[in-house]
Amino acid sequence: MALVLSVMEQGLIYAVMALGMYITYKILDFPDMTVDGSFPMGAAAACILIVKGVSPVLTLPVCFLGGAFVGMLTGLIHVKLKVRDLLSGIIMMTALYTVNLRIAGQANLPIYNQNTIFDNAFVNGIFTGGLSAYKTVVIIFLIAMVSKCLLDWYLGTKSGFLLRAVGDNDTIVTSLGQDKGMVKIVGLSIANGLVAMSGCVFAQQQRFFDISVGTGTAVIGLASVIIGTSLFRRLSFLQVTTSVVIGSVIYKGCVALAVRMGMAASDLKLITAALFLAILVLGMERKKKVKADADIK
C-alpha cells in the first residue's frame, strides 16, 4: 500500500508539470528545455518563502507567477531576438541554475521543521487517525485536478483556441489579425507556471530543495505526455489533459516497478532514458503504420 501511495503522490506531482509540457510539446511543438530550470526554481522559491514565514498555501500562486515570468523570458528570447526554440530554452535553463542558487542561498535547503501544505494545524485537524496516511495524496490530487480543470477551461477560451491554432498552423492566427509571437509567449508562460508550481509542491512533499531536482524534468514530462496520449488516444470520452495526468502516474509506476524488481536507485536516470527511448520508438513505429495504412487506402 505504501508503494501505491508513493507512486500516486509522485505521479500526481509530476502530472502538474506534465500538463505544462503538454502545452509546449503537443500544442506549440516547442522543445522547451526551460522546464529543467523552472521546476527547481519553484522548489527553491517555495522553501525560502516557507523559511521566511510565508503561508505554504501562498507559495503555490507565487511560484506559478515566477514560472510564468521565466516562460515569458524564454518566449521573448525566441520571438523578439529570433533565437531558435531549443536554444532559447537551453539559455534560460542555464541561467536559472545560478538564479535558483541565489534564491535558495545554498545548494540544499531543508524545511523539515516548517509547516507545509501537507503538514499544518488545519490539515492535521481534518486528517486524523488512520486518515493521516492519505492526507498527502488527497491534497496533491486536489491540486492536480484544479490545475487540469483550469487548463481545460483556458483552452476553451478565445486565447486557448489561438494557442492551439499557433501549434497547428500559425498562418491562421496571423490571418485573424493576431500576433502569433505573443500567443507563443502566453503559452510558454502558462506552461512554465505549471512546471514551477509542480516544483513547489514537490519541495513541500519532500521537505527540501536541492539544486539537482530539476535534472531530467523535460524527459519525465515528455514521457508522461507521450504515454498518456498514446495509450488513451482511442478513448474519445477522455480529455487529453486527463490522459496526460494518468500517463504521469503510469510512468512513475513503471519506474517504481523497475526499482522494486532490483534495479538500484542510482540507475533511475538510466531507467528514465530507456523508457523514454522505448516510448519514442513505439510512437514512431505507430505513426509509420498509420501512414502506410492510409497510403494503401
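The first residue of the sequence shown is numbered 1, and numbering continues consecutively from there.
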Check [X] against [Y] and note the closest heavy-atom contact, atom names and distance.
X      : Y      : result
Gly37  : Leu96  : C-CD1, 3.5 Å
Val213 : Ala43  : CG2-CB, 4.4 Å
Gln206 : Tyr112 : O-CE2, 4.3 Å
Ile220 : Met17  : CG2-CE, 4.0 Å
Cys63  : Gly42  : SG-O, 3.3 Å
Pro56  : Asn115 : CG-O, 3.3 Å

Calculate, to the nearest 0.5 Å, the distance between atoms [atom1] and [atom2] belonging to [X] and [Y] respectively.
X      : Y      : atom1 : atom2 : result
Ser189 : Leu194 : OG    : CG    : 11.0 Å
Ile139 : Leu12  : CD1   : CG    : 12.5 Å
Gln204 : Asn120 : CD    : CG    : 9.5 Å
Cys200 : Ile13  : SG    : CD1   : 10.5 Å
Ile48  : Phe209 : CD1   : CZ    : 10.0 Å
Arg207 : Phe118 : CZ    : CZ    : 10.0 Å

Hey, what's the ring geometry for Phe39 with Phe202, parallel, tilted or perpendicular (30° and 60° as the breaks)?
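The rings of Phe39 and Phe202 sit tilted, inter-plane angle from 30° to 60°.
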
Show every side-chain hydrogen bond (donor to acceptor under 3.5 Å, both in side chains) that has at least one partner inside residues 147-156, sequence neighbours left out.
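Passing the test, one end in residues 147-156: Lys148-Asp152, Lys148-Gln239, Lys148-Thr241, Lys148-Thr242, Asp152-Thr241, Tyr154-Ser159.
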
Heavy atoms, side chains only, cut-off 4.5 Å: are [X] and [Y] in contact?
X      : Y      : value
Val201 : Val16  : no
Val240 : Thr229 : yes
Arg164 : Lys26  : no
Asp119 : Lys135 : yes
Met8   : Lys252 : no
His78  : Asp85  : yes
Glu9   : Gln205 : yes
Ile111 : Phe208 : no

Single-linkage hydrophobic cluster [X]~[Y], side-chain heavy atoms < 4.5 angstrom:
X      : Y      : value
Ile246 : Ile227 : yes
Ile23  : Met33  : no
Met261 : Tyr251 : no
Val245 : Leu222 : yes
Ile117 : Leu131 : yes

Ring centre gap for Phe69 and Phe64 strictly below 6.0 Å
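So the answer is no for these two rings.
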
Please step through side-chain contact (heavy atoms from CB on, under 4.5 Å) for the pair Val57 and Phe122, ending with a clear verdict.
CA-CA 12 Å; Val57 177; Phe122 177 74; over 6 Å; no

Are Thr24 and Asp32 close enough that a side-chain donor and a side-chain acceptor fall under 3.5 Å?
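No, because no side-chain N or O of Thr24 sits under 3.5 Å from a partner of the opposite role on Asp32.
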
Cut-off 3.5 Å, side chains only: do Ser88 and Thr74 have a donor facing an acceptor?
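Thr74 and Ser88 do not have a side-chain donor-acceptor pair below 3.5 Å.
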
Using atom types as modelled and distance alone, determine if a side-chain donor or acceptor of [X] lies under 3.5 Å from a backbone N or O of [Y].
X      : Y      : value
Ser132 : Thr128 : no
Ser248 : Ala15  : yes
Asn192 : Ala68  : no
Asp36  : Ala218 : yes

Checking Ile77 against Ile91 for the side-chain contact (heavy atoms from CB on, under 4.5 Å) test, could you report, in this order, the C-alpha distance in whole Å, the side-chain angles of both residues, the deciding distance, and whether it holds?
CA-CA 9 Å; Ile77 292 172; Ile91 289 168; 4.3 Å; yes

Cluster companions of Leu150 among Ile, Leu, Val, Met, Phe, Trp, Tyr (side-chain spacing under 4.5 Å)
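Its cluster partners, ordered by chain and number, are Val146.
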
Report the C-alpha distance between Phe141 and Tyr134 in whole Å, list the side-chain angles of each, state the deciding distance to 0.1 Å, and finish with yes or no for ring pair (Phe, Tyr, Trp, His ring centres under 6.0 Å).
CA-CA 11 Å; Phe141 177 79; Tyr134 304 97; over 10 Å; no

